Engineer: 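First the structure, which I've put down as structure tokens, then a few questions once you've had a look.
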Amino acid sequence: MQEDLFKRLVSHCKEYGFIYPSSEVYDGLNGVYDYGPMGVELKNNIKEYWWRSMVQMHENITGIDSAIFMHPLIWKASGHVDAFNDPLVDNKDSKKRYRADVLVEGEIDKMIAKADKEVDKAAKRFGETFDEKLYRETNPRVLEYTQKAEATEKRLANALKNNDMADLKALIEELEIADPDTGSRNWTEVRQFNLMFSTQMSNIGGDDGKLYLRPETAQGIFVNFSNVQKTTRQKIPFGIAQIGKAFRNEIVARQFIFRMREFEQMEMQFFVRPGTEMEWYNTWKARRMAWHRAVTPAEKLRFKDHDNLAHYANAAVDVQFEFPFGFKELEGIHSRTDFDLGSHSQLSGKKMQYFDPELNEHYTPYVVETSVGCDRMVLSVLSNALVEETVPDAQGEDSSRTVLRVHPALAPVKCAVLPLLKNKDELVEKAREVYDKLKFHFICQYDEKDAVGRRYRRQDAIGTPYCVTIDFETLENNTVTIRERDSMEQVRVPITEVAKIVGDKTDMRKLLEMLA
RNA sequence: GCGGUGGUAACUCAGUUGGUAGAGUGUCAGCCUUCCAAGCUGAAUGUCGCGAGUUCGAAUCUCGUCCGCCGCUCCA
């Protein structure tokens, strides 16, 4: 059922020009998609909704557009060079894949557990006279375990530091580590998976010329913190917003545009006084949920706290949407502490602090981040909107229609202009006139092909909220009918009012006002 | 990467024991039509994923290869 909906959605997206598989004529490129004529409009509207809700609606939030190429040290400071490199190993028998370092760490834990067990046993034996410290330092068996654990830890750290995959493999073999599930010791070579794409800036020679395509837009904001603060004279708390492409070499890209290798983020980093970050974290949680609820039913949205916090965060929550394949992350809200600014400050040697006149002191601001996946937002809007319903046809019989119930402010085309009949020149001519007026206000489509009912259905399929029909009465008194997508109801209005009526209903302002 | 599964028109799919491709929808042109898809007439569109083999003959059989989907590993 749900899977059917998802398949229908994917083909609908292609059929009506929303989303095409990338490089299709060359058999496609896994995990990459192109936006078509309807898709780009929808996506731009989503971006505009976000941008205006951040930058236009908050005097203390400004936007930037930083470059995708950044100095390679940025990714060192951010922790991505380390955190994005996972050494993976496959078990040939069980076909399971593990992180090699996690396997070794598990083995180290076992060694420590063994030592602890020896200590426990001795403690029971000696009773109250037991000196744990002395025992740990002198008992040969405990010593053997702890020393082995320490040595292994050291070797693991070295191997990771030097990217020595061969030694990692050797370590797994020497420790006789078995697959936790099956007990098999039949391992493949350990391979490094780099989740960042790299490229070459050719006029810098050798390895130093290696650059990464940014895996998140946030760092472009952090490294511009001082520039923005000084040039805009913002006082803390204030935020910097950015929309842009990011790139991650996912091991598997799946679920249509949900997880792509090239994707777009809408991120806002909010800089606050240390100690106030949880307050702001909760404020932004609420604001962001309100933003989502303005376009998505509340029951399809929920918060999901992170079980494991990232290296930079002291609190993290996801906004999840119920996709056809289950509740999945749409947006992340993180309290990033002063990790990023502190780290860049340390590595670059440049101060990234703020002088707080109220406190009369310098500090490194804390950061609360909101980060939405733009493409995921497109997917959520589409999967929430696509409906197949039964409506009466001209004879009052049941007929089905496919309709995209997207919010009018997000709809790719706002208005279709239709002459009732195309073989009547007066109607066609008048319709052209109306179209030529409306096109200055919003995106319109003119269509005269086929019966008008069929044209309505065509517009329904791409989510056009309003259809204006020019009929014989129009020729008499300059009025037209406006047909609304969801209710299919029509009202007759003077031509001179169409731009205002449709404009009001499709204006982004409607959405923004819901956030107040 | 492994396992499962699939690749035929823009979309959804059919194609029987091997005889060089069809349907519905959609698209285009024309007719009809005074407001909600499926009225009439006509038309265009396929290297049947790609390559090799078997065969007189391959969408169909064999092998290889590429790509997609689902699951596992990963997801800061």
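Chain identifiers are assigned alphabetically (A, B, ...) following the order of the sequence lines, protein sequences preceding nucleic acid strands; residue numbering begins at 1 within each chain. This structure is a prediction, so every number in the text was calculated from the model and none was measured.
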Engineer: Once you apply a heavy-atom cut-off of 4.0 Å, does A/Phe18 come out as touching a base, just sugar-phosphate, or nothing?
Structural biologist: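 No contact.
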Engineer: Find the distance A/Arg259:CZ to B/G68:P and express it as a whole number of Å.
Structural biologist: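 That distance rounds to 16 Å.
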Engineer: With no hydrogens and no angle check, is any side-chain donor or acceptor of A/Arg492 less than 3.5 Å from a backbone partner on A/Ile482?
Structural biologist: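 The answer is no, because no donor-acceptor pair under 3.5 Å joins these two groups.
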Engineer: All N/O contacts under 3.5 Å from nucleotides 7-10 of chain B to the protein, with atom names and distances to one decimal?
Structural biologist:
{"from": "B/A10", "atom 1": "O3'", "to": "A/Lys14", "atom 2": "NZ", "distance (Å)": "3.3"}
{"from": "B/A10", "atom 1": "O2'", "to": "A/Glu15", "atom 2": "OE1", "distance (Å)": "2.7"}

Engineer: Got a sec, which residues hit side chain to side chain donor-acceptor pair (under 3.5 Å) with A/Thr506, two or more places apart in sequence or on another chain?
Structural biologist: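 Expected list: none.
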Engineer: Between B/U65 and B/U55, how far is it from one P atom to the other, in whole Å?
Structural biologist: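 Approximately 23 Å lies between the P atom of B/U65 and that of B/U55.
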Engineer: Reading 5' to 3' and counting Watson-Crick or G-U wobble pairs with both distances under 3.5 Å, write the dot-bracket notation for RNA chain B, | for bases paired outside the strand.
Structural biologist: (((((((..((((.....[..)))).(((((.......))))).....(((((..]....))))))))))))....
Engineer: Mark up nucleotides 28-43 of chain B, 5' to 3', with B wherever a protein heavy atom is under 4.0 angstrom from a base atom, S wherever such an atom reaches only the sugar-phosphate, and - elsewhere.
Structural biologist: SSS-SBBBBBB-----
Engineer: Determine all donor-acceptor pairs shorter than 3.5 Å in which one atom belongs to a side chain in residues 379-386 of chain A; sequence neighbours excluded.
Structural biologist:
{"from": "A/Ser380", "atom 1": "OG", "to": "A/Met377", "atom 2": "O", "distance (Å)": "3.1"}
{"from": "A/Ser383", "atom 1": "OG", "to": "A/Leu379", "atom 2": "O", "distance (Å)": "2.8"}
{"from": "A/Ser383", "atom 1": "OG", "to": "A/Ser380", "atom 2": "O", "distance (Å)": "3.4"}
{"from": "A/Asn384", "atom 1": "OD1", "to": "A/Lys300", "atom 2": "NZ", "distance (Å)": "3.4"}

Engineer: Test of understanding: with side chain to side chain contact (heavy atoms under 4.5 Å, CB included), list the residues that count as partners of A/Lys505, not counting sequence neighbours.
Structural biologist: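 Side chain to side chain contact (heavy atoms under 4.5 Å, CB included) check on A/Lys505 returns A/Tyr466.
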Engineer: Considering only atom P, compute the distance from B/U12 to B/G7 and round it to an integer number of Å.
Structural biologist: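 Those two atoms are separated by 12 Å.
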Engineer: If the P atom of B/G49 is compared with that of B/A59, how far apart are they to the nearest Å?
Structural biologist: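 After rounding to an integer number of Å, I get 9 Å for this pair.
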Engineer: Who passes side chain to side chain donor-acceptor pair (under 3.5 Å) against A/Thr337, sequence neighbours left out?
Structural biologist: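 Testing A/Thr337 for side chain to side chain donor-acceptor pair (under 3.5 Å), a comparison that skips the adjacent residues, returns none.
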Engineer: Expressed in whole Å, how much space separates the C1' atoms belonging to B/U16 and B/C61?
Structural biologist: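 Straight-line distance between the two C1' atoms is 16 Å.
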Engineer: Mind checking side chain to side chain contact (heavy atoms under 4.5 Å, CB included) for A/Ala394 and listing every partner two or more places apart, or none if nothing turns up?
Structural biologist: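 Side chain to side chain contact (heavy atoms under 4.5 Å, CB included) list for A/Ala394, sorted by chain: empty.
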Engineer: What is the distance from CD of A/Glu329 to C1' of B/C74, rounded to the nearest Å?
Structural biologist: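 That distance rounds to 14 Å.
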Engineer: Considering every strand and a 4.0 Å limit on heavy-atom distances, what is the contact class for A/Leu29: base, sugar-phosphate, or nothing?
Structural biologist: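 Here A/Leu29 touches the backbone only, sparing every base.
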Engineer: Expressed as a whole number of angstroms, how long is the span from A/Ile19:CD1 to B/G68:P?
Structural biologist: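 Going from A/Ile19 (CD1) to B/G68 (P), I get 17 Å.
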Engineer: For A/Asp436, enumerate each residue passing the side chain to side chain donor-acceptor pair (under 3.5 Å) test, keeping only those at least two apart in sequence or located in another chain.
Structural biologist: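 If we apply the side chain to side chain donor-acceptor pair (under 3.5 Å) test to A/Asp436, skipping adjacent residues, the hits are A/Lys439.
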Engineer: Determine the Euclidean distance between corresponding C1' atoms of B/G68 and B/C50; express it in Å to zero decimal places.
Structural biologist: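 About 15 Å, rounded to a whole number of Å.
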Engineer: Identify, with sequence neighbours excluded, every residue that meets side chain to side chain donor-acceptor pair (under 3.5 Å) alongside A/His12.
Structural biologist: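 Side chain to side chain donor-acceptor pair (under 3.5 Å) check on A/His12 returns nothing, list empty.
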Engineer: Quick one: A/Leu9 CG to B/C69 C1', roughly how many Å, whole number?
Structural biologist: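 Taking atom C1' of B/C69 as the reference, CG of A/Leu9 is at 15 Å.
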Engineer: Hey, which of A/Lys245, A/Glu267, A/Glu264, A/Met266 is the one that makes side-chain contact (heavy atoms from CB on, under 4.5 Å) with A/Thr217?
Structural biologist: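 It is A/Glu267; the other options fail the test.
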Engineer: Would you measure the distance from the P atom in B/G6 across to the matching atom in B/U60 and give it in whole Å?
Structural biologist: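 Those two atoms are separated by 15 Å.
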Engineer: Output all residues satisfying side chain to side chain contact (heavy atoms under 4.5 Å, CB included) with A/Val223, sequence neighbours left out; order by chain, then residue number.
Structural biologist: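 Listed in chain order: A/Ile74, A/His344.
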Engineer: Applying side chain to side chain contact (heavy atoms under 4.5 Å, CB included), name anything that partners A/Val391, two or more places apart in sequence or on another chain.
Structural biologist: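 So A/Val391 forms a side chain to side chain contact (heavy atoms under 4.5 Å, CB included) with A/Glu389, A/Ser399, A/Arg401, A/Arg457, A/Met488.
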Engineer: Rounding to the closest angstrom, what is the interatomic distance between B/A21 and B/A44 at atom P?
Structural biologist: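 Nearest-Å result for B/A21 against B/A44 at atom P: 16 Å.
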Engineer: CE of A/Met196 versus C1' of B/C75: gap in Å, rounded?
Structural biologist: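 Nearest whole value for this atom pair: 15 Å.
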Engineer: To check you understand the geometry: which heavy-atom pair defines the closest contact between A/Ile443 and A/Val413, and what is its length?
Structural biologist: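 For A/Ile443 and A/Val413, the tightest heavy-atom pair comes out as O-CG1, 3.6 Å.
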Engineer: Indicate whether OP1 or OP2 belonging to B/C69 is found under 4.0 Å from a side-chain N or O atom of A/Asn30.
Structural biologist: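 Yes, because at least one side-chain N or O of A/Asn30 sits under 4.0 Å from OP1 or OP2 of B/C69.
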Engineer: Given the P atoms of B/G15 and B/A29, what is the spacing between them in whole Å?
Structural biologist: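 To the nearest whole Å, 34 Å.
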